[in-house]
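Computed over heavy atoms, backbone and side chain alike; hydrogens, waters and symmetry mates excluded.
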Amino acid sequence: MHRYFTDQRHEALRHRVRDFAESEVRPRIAEMEASRSVCHELSRLIARQGWIGATVHRAYGGMGAGHVAKTLIIEELSRVSAAMGAMVQASQLGVAKIVHFGSEEQKKTWLPAIASGDCLPTIAVTEPQSGGHVLGMSSTAVRDGDDYVLNGRKSYVGNSHVGDLHGVVVRTGEGSKGLSAFLVESDTPGFRVGPQQPAMGLHGFSFGELFFDNCRVPAANLLGREGDGLSVAYSSSVLYGRPNLTAVSLGIHQAVLDETTRFCTERQRYGKPLADLGNIKLKLGRIQSRLLLGRLSAYHAVHLLDQGLPCDAELMNAKLVNVESALESARDAMDIHAACGLFTDRPVERFLRDAHHIFAPAGTSDIQLLRLGELALGRAQGDWSSRLADLLRLEPSEWPEEDEAADAAPADPPVTVRPEDPTPTVPGQRTGPTRRHSWFARPR
């Protein structure tokens, strides 16, 4: 699989992330599971590795590594801890709105801080009463001089309790053109985070509520123009949310296979390892097959993103395939473990709990099937990968030199898009402070 969509640079990055996950993340899992609350220290440590800036142009201090690199970062972290994979994917999702709709000043202000790990961004769209029905939201922003005053409530916000910069979509008018997006700093008066509620899985990650009570933000914090909020929400969900969550499911799936094969090799039945039993081999074969298909769909979709090619359907399908496959394989793993899988000394029950958390965000499986059905009927809408292709395409100049990868490898421009516009308007050249560094340089 890796030989099709990744090269030496990607694999060097994969090894670096894997080593970090084993040495820094795995030892903290027991504590996160016991406390069932957000892990601030580890979230900041991961952010300082520079991985939140995987898709941030190198001119703004980011990795400039693209969506394939982003996917393998999330996958490798999720293989050890889906909670920390979810933390990274949620922050990278928060990057999208600035990359796609931010002004040059907003990019210069926020992208270097995000890339360095000093700022964790989020995106807040969902509300308790409207759920996934974006146009049903009721939170508002009213212009008052040089400011906007925000009132309302957002729910299920990834990284709610560690985020520094929230991208909030609210109503500034009526209908589909009456949504706008704003950047709200976490220390803004009138803004507060609700108490963290215990959840079934992803312990160490937070996805809670944000409250706005006459929260005053400068008009300069408006993303794009008034009326761009729907585009901000949809493009972020399709182009970042779905592939990011796909990567989390993929990491969980790999962990399921690793742990279950280990268990079957060590556990004895009838005087021989469980792995020698025919029915066990069949279940392991199904898990392996699902994983191969899931990885193929995941990396193919983000490879197309990096090429600037149309791939909305592939992104939907990748989330559908990977979420459903990870859940099915986790259930098969529980069957194999039997009573042993019910106790927390083995991680397989955690994998199943965590896998359920990836089902709903960015659209349930029914939503993905509905959109794919519309594609089959020639009624597909959005086509965000085409409309924002110039901002998604990985430029050769953004890649580090080949010799940097060889040394590191282990020994073995603002855009305004409205729903009715056929194409975005993209400046010819992105500019910003020059701060180049290799994907592989370790932060000091």
Side-chain angles (χ1 to χ4, degrees), residues 13-55 63 69-95 114-122 156-164 196 198-208 240-241 243-256 258-259 298 322-323 326 330 344 347-358 361 442-443:
L13 177 62
R14 182 187 296 279
H15 280 277
R16 180 188 158 197
V17 178
R18 182 175 296 179
D19 290 345
F20 176 91
E22 292 292 345
S23 63
E24 300 293 342
V25 179
R26 193 176 295 280
R28 292 174 165 90
I29 291 176
E31 179 184 350
M32 290 190 290
E33 287 297 309
S35 67
R36 298 167 67 93
S37 62
V38 63
C39 188
H40 292 271
E41 177 191 3
L42 184 55
S43 298
R44 295 294 173 180
L45 179 61
I46 293 173
R48 288 198 295 273
Q49 306 309 303
W51 296 328
I52 309 300
T55 59
M63 293 171 64
K70 171 169 63 69
T71 293
L72 68 86
I73 290 169
I74 299 170
E75 179 195 351
E76 289 299 326
L77 288 170
S78 300
R79 187 182 64 84
V80 173
S81 167
M84 289 301 101
M87 186 283 294
V88 170
Q89 77 81 22
S91 285
Q92 289 173 334
L93 173 61
V95 168
I114 291 169
S116 68
D118 294 325
C119 173
L120 285 174
T122 78
Y156 310 123
V157 178
N159 284 341
S160 53
H161 288 67
V162 296
D164 303 299
Q196 187 174 1
M200 178 173 70
L202 296 185
H203 299 151
F205 173 64
S206 64
F207 52 105
Y240 276 70
N244 288 5
L245 293 160
T246 294
V248 177
S249 287
L250 188 58
I252 295 172
H253 204 164
Q254 183 66 59
V256 166
D258 293 344
E259 180 61 28
N322 278 274
V323 167
T344 57
V348 66
E349 56 84 30
R350 168 166 60 90
F351 300 154
L352 180 58
R353 288 188 285 107
D354 290 348
H356 276 288
H357 277 256
I358 314 304
R442 296 183 181 276

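Of all the heavy atoms in V25 and S81, the pair that sits closest is CG1-CB, 3.5 Å. Across all non-hydrogen atoms, the minimal contact from G85 to S78 is CA-OG, 3.3 Å. Looking at every heavy atom in both residues, P361 comes nearest to L245 through O-CD1, 3.4 Å. Annotation for C39 and M32: closest pair CB-SD, 3.7 Å, computed over non-hydrogen atoms. Nearest heavy-atom pair, N159 versus A90, reported as atom, atom and distance to 0.1 Å: ND2-CB, 3.6 Å.
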Let's go through D164 and D118 carefully: what are the C-alpha distance in whole Å and the side-chain angles of both, what is the deciding distance for side chain to side chain contact (heavy atoms under 4.5 Å, CB included) to 0.1 Å, and is it a yes or a no? CA-CA 9 Å; D164 303 299; D118 294 325; over 6 Å; no
R28 vs M84, side chain to side chain contact (heavy atoms under 4.5 Å, CB included): CA-CA, chis, key distance, verdict: CA-CA 11 Å; R28 292 174 165 90; M84 289 301 101; over 6 Å; no
Residue pair I73, M63: steps toward the side chain to side chain contact (heavy atoms under 4.5 Å, CB included) verdict: CA-CA 12 Å; I73 290 169; M63 293 171 64; 4.2 Å; yes
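H40 meets the side-chain contact (heavy atoms from CB on, under 4.5 Å) test with V38, V162; sequence neighbours excluded. Annotation: ring-ring contact (aromatic ring centres under 6.0 Å, His included) contacts of F351 (sequence neighbours excluded): none. Under the side-chain contact (heavy atoms from CB on, under 4.5 Å) criterion, Q254 pairs with R79, L257, D258, L291, R295, sequence neighbours left out. Qualifying side chain to side chain donor-acceptor pair (under 3.5 Å) partners for S43, counting only residues two or more places apart in sequence or in other chains: none. For R36, there are no salt bridge (charged side-chain N to carboxylate O under 4.0 Å, His left out) partners at least two apart in sequence or on another chain. For H357, the ring-ring contact (aromatic ring centres under 6.0 Å, His included) partners two or more places apart in sequence, or in a different chain, are F207. For R353, the side chain to side chain donor-acceptor pair (under 3.5 Å) test picks out E33, E349, with sequence neighbours left out. In terms of the side-chain contact (heavy atoms from CB on, under 4.5 Å) criterion, residue partners of S37 (sequence neighbours excluded) are, by chain and number, S35, Q196. Under the rule for a side chain to side chain donor-acceptor pair (under 3.5 Å), the partners of E259 that lie at least two apart in sequence or sit in another chain are R262. In this view, R350 satisfies the salt bridge (charged side-chain N to carboxylate O under 4.0 Å, His left out) rule with no residue, not counting sequence neighbours. With sequence neighbours left out, the side chain to side chain donor-acceptor pair (under 3.5 Å) criterion links D354 to no other residue. Checked against side-chain contact (heavy atoms from CB on, under 4.5 Å), T71 has the following partners two or more places apart in sequence or in another chain: A247, Y299, V302.
A heavy-atom distance below 4.5 Å is not found between the side chains of V248 and N244. Two residues are said to be in side-chain contact when any heavy atoms from C-beta on lie closer than 4.5 Å; V95 and P121 meet this criterion. No side-chain heavy atom of F20 sits under 4.5 Å from any side-chain heavy atom of E76. V348 places none of its side-chain heavy atoms less than 4.5 Å from the side chain of V256. By the 4.5 Å heavy-atom criterion applied to side chains, M87 and L202 are not counted as neighbours.
For Q92 (side chain) and W51 (main-chain N/O), a donor-acceptor pair under 3.5 Å exists by modelled atom type.
With values rounded to the nearest 0.5 angstrom, R16 atom CZ is found 11.5 Å from L72 atom CG. From S91, atom OG reaches atom CD1 of I46 across 10.0 Å, with rounding to the nearest 0.5 Å. In this structure, E75 CD and S249 OG are separated by 11.0 Å, a value rounded to the nearest 0.5 Å. Expressed to the nearest 0.5 Å, how far CD1 of I358 lies from CG of L250 amounts to 12.0 Å.
Within a 6.0 Å radius of CD in E31, other residues, nucleotides and ligands contribute 12 heavy atoms or fewer.
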